[in-house]
Each structure stands twice: as structure tokens, then as C-alpha cells.
*Asks:* 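To start, I am sharing the structure in question, which I have written as C-alpha cells.
Whatever order the structure lists them in is the order used to number ligands and atoms, beginning at 1.
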Amino acid sequence: MLKNWRQLSLTTKVMFGMIAGIVVGLLSRSLFPESPMVTHYLTNGLFHVVGQIFITSLRMLVVPLIFTSIICGTCSLSDASTLGRLGGKTLLLYLLTTAVAITLAIVSALLVEPGVGANLESVSNFAAKEAPAITDVLIRLFPSNPIEALAEGNTLQIIVFSVLFGISIAAAGEPGERIARIFESMNEVMMKLVALMMNLAPYGVFCLLAKLFTTIELDAIVSLIKYFLLLIGVLFLHVAVTYCTLFKAFTGLSPWLFLRKMEDAIMFAFSTASSNATIPVTMETATHRLGASNRVASFTIPLGSTINMDGTAIMQGVATVFIAQAFSIDLTIGDYLTVILTATLASIGTAGVPGVGLVMLAMVLQQVGLPLEGIALIMGVDRFLDMIRTAVNVTGDCAVTCIVAKGEGGLNEAVFNDPDAGEKEEEIDFHHIR
Ligand code: ASP
């Protein structure tokens, strides 16, 4: 039995972990609903501790991984104009897909009318943060102190510094080459560390989901069923129509194979509800399974995890319309355009971590004068939806990565077309660890 378990691929093990976690969570809530022993030792004990260690160890990898891989990626680019083109295309595609996502969400919600009939009245006032001004967003891209940016894990600032650092390495000639070799070795070591930590994944995923499904409010889903199903429907539609069409049109490759190869990243995104914590897996998927070159993926994946949140944008579109309908408030076309603009801007500079979509939603509601207590309305079902939309977010990052890589001659089609490429869990030779 143990031998068989060892022989399974990581993907299969994580899948087992997920299913077992969901089943154990649901069983423990129905069999021991109020048992202090279960709550204390299992839910808030073992499951909580192992789950948190797993998430923290994934996050631990993010900053060093982004830093080293972007430097390696940029210093291997032939010239600055290549970098400009790469950056331009990536940004354009990220913003475009986000705008399409939110438009799709608003239109679907206006057609389905999930909130009509709820007839709620606004009573209290929540406080929302203002959406950041575009000028501030631009200024804040540049770190005054790169060490601080690294320490705080400010992804955009780390990207800016690493890109500039990489360009300088390339421009510095012989001393630059020496530094480049160090970073290349560092990058190899980081990838090994990622592979090492991945061995924890099946157990981490199991504990995360077991805890979540013991505590999640399932009743809320029933009362918000229209909102819940519509949101899931639009998320699937966006993946099936927008991504698959763009993918096919720009790469000529099979969108179905693309989605199949996304399984690891999707499972991690789903279990952690954080595109940021999933970066190590998304990066592996993009390079080893989809065949995108490191010079493209090292840049597009971390950038995407911060600024490309199509799933989150879809939630904001559907939620805005839902809340407006539930409180019987009419929004104008101008308001909807404001929603599209605010949601797109708010997604830039907001890191992909669990629940951040609700903070962004508060900004959007504030902007169009909708009552913020609408958020309380959908909060009960948000955690589960967060998991699904995070999976959509990382799928979008990888779709754009492949499209940009194809345009830049950085997509290895032999790897992409090989169904088993990168599938086997990377073996760590523990005998070499002394
Ligand atoms: N959890 C999402 C992500 O990390 C963000 C959100 O929608 O709350 O991409």
C-alpha cells in the first residue's frame, strides 16, 4: 500500500489529498458537530497546524523564487527592446482579459438578475478603502529600498528591481557574467527547494480542505444559490470561451491539452485560495509542463499573480449587479463603466492572497455609491468562491504566458505536445543530503 502510494505521481497524490480532505471535513461536521475534542485537537489542532505550515512554506519560496528567476530571465534577454515588447504584450493581454472578464460578468448578471426580489434596505455604513489613484500605483511600482520590498514581499516592486538588476547584469560584460552564473545556480537550487516542498503538498492540501469543510457555512450557499451558481457559471464560461479562444487563435495549439496540463496549478490554487502562494507551482507548470521558456514565465507569472485576477474581476462584476438589485438601486451605463475601470485598477497592486477580492469589492461599491453592507450579504459563500476564482486567476496567467511565449519564440511545442512532460514528480535524491 505504502509502496503504491510512493509510486503515484504528485498530481494524483494531491488529488487524493483534496478528495479525502473534503470527505473528512464533511464527515466530521456531520458526525461530531459540536465535539470540543474534534474542534480542539483535530480542526484547530492537527489540520490547522499542518495546513498553515504548508501555506507558509509555499509563501517562503515566493520572494526568492521571483527574485532569482526574473534576474535569470532578464539577463538572458538579448536586448532592452525585447524586454519592452514582452512587457507591453503581457500587460496588454492581462488588462484586456480582465476587462473582458468583468464585462462578461456584468452582462450575465444583468440577464440572469440574481438579486431581484431580495428587497433589502441599506441601514448601516461600512468603511471602504479608496481605490488607488493611477498616479500612486505608478509611483509605488518603484521601491525606494529594494531590501524592504523583498522583506515585505511587494511583488510589483520586486519585479521592477529584478528587471533593472537583470538588465544591468547583461550590460556589465564580464563581471555581469560572473553574477549571472551565481543567479543561475541560485535558480537551480530554488527549483530543487520547490520540488522538495512539493512533497508536503498532498498532506497540506488534505489538512487545509479538511479544516475548511468542517467549518464552512454551507447553509449560506442555499440562500444565495442564484448568485453562487451564476458566478461559477461565468467563471467557467470565461475559461472555456475567452481563454480557450485566445489560446487557440494565438498559439494554434490544443486548448484542451492546455487545460489538462493546468491540473496541478489549479488544485494548488483551489486549496490555498492564493495565486501568490501558488506561484512556485504555476511557474513549474508554465515551464516544465506547458513548455514556456523561463525568460518569459519568470516575468509573466509573478506579474500575473498580482495584476491579473480575472476570476476576482468576475466576482466583482456579478456581486455589484447582485447587490444593486438586492437593494433595488439602479445603476447607469456610466456606473458600469466605472465598475470596469475601478475593478481593473484595483486589481493592479493588490496581491493575490485569500479574500482580497472582498477588499477590492468594497472599493468598487464605494465608487458607484452602493451600500457596503452588501458585502456582508455574500461573505458567507465567499471562501468557497475564492478558491474557484483563484484557480481561474492562475489559469489566466498561464494562458497569457503561453501566448506571449509563442509570440517571442519561447514556447517549446514538443514539450507542450508531450502529455507526460513534467508530469513525473521531480525526484529528490535524499542520499545526497548529508
Ligand atoms: N484569492 C484570490 C487570488 O489569490 C484573490 C481574490 O479573489 O480574493 O488570486
*Asks:* Could you check whether atom CE of Met379 has more than 12 heavy atoms from other residues, nucleotides or ligands sitting under 6.0 Å from it?
*Replies:* no

*Asks:* For the side chain of Arg29 and the backbone of Phe213, is there at least one donor-acceptor N/O pair under 3.5 Å apart?
*Replies:* yes

*Asks:* Taking 4.0 Å as the limit for heavy-atom contacts, which would you say applies to Met360 with ligand 1: side chain only, backbone only, both, or neither?
*Replies:* neither

*Asks:* Enumerate the salt bridge (charged side-chain N to carboxylate O under 4.0 Å, His left out) contacts for residues 259-283, please, sequence neighbours excluded, ordered by first and then second residue.
*Replies:* Glu263-Arg289

*Asks:* Any donor and acceptor pair, going by atom type alone, linking the side chain of Ser328 with main-chain N or O of Ala324 inside 3.5 Å?
*Replies:* no

*Asks:* Checking a contact table here: which protein heavy atom is nearest atom 2 (C) of ligand 1, and how many Å away?
*Replies:* Thr390 OG1, 3.3 Å

*Asks:* For ligand 1, note which part of Ser275 has a heavy atom under 4.0 Å away: side chain, backbone, both or neither.
*Replies:* both

*Asks:* Within ligand 1, which atoms have a heavy atom of Ser274 less than 4.0 Å away?
*Replies:* 4 (O)

*Asks:* Using a strict threshold of under 4.0 Å (side-chain N to carboxylate O), is an ion pair present between Glu113 and Lys226?
*Replies:* no

*Asks:* Which protein heavy atom lies closest to atom 5 (C) of ligand 1, and at what distance to 0.1 Å?
*Replies:* Val356 CG1, 3.4 Å

*Asks:* Look only at the side chain of Asp310 and the backbone of Ala101, and say whether a donor-acceptor pair between them is shorter than 3.5 Å.
*Replies:* no

*Asks:* Just heavy atoms, cut-off under 4.0 Å: does Asn393 contact ligand 1 by side chain, backbone, both, or neither?
*Replies:* side chain

*Asks:* Relative to atom 6 (C) of ligand 1, which among Gly357, Ala273, Gly396 owns the nearest non-hydrogen atom?
*Replies:* Gly357

*Asks:* Check each heavy atom of Val353 against ligand 1 and say whether those closer than 4.0 Å belong to the side chain, the backbone, both or neither.
*Replies:* backbone

*Asks:* Number the atoms of ligand 1 from 1 as they appear, then name those within less than 4.0 Å of a heavy atom of Gly355, with their elements.
*Replies:* 8 (O)

*Asks:* Nearest protein heavy-atom contact for atom 1 (N) of ligand 1: which residue, which atom, what distance?
*Replies:* Asp386 OD1, 2.7 Å

*Asks:* Looking only at heavy atoms, which two atoms of Ala269 and Thr278 are closest? And how far apart?
*Replies:* CA-OG1, 3.6 Å

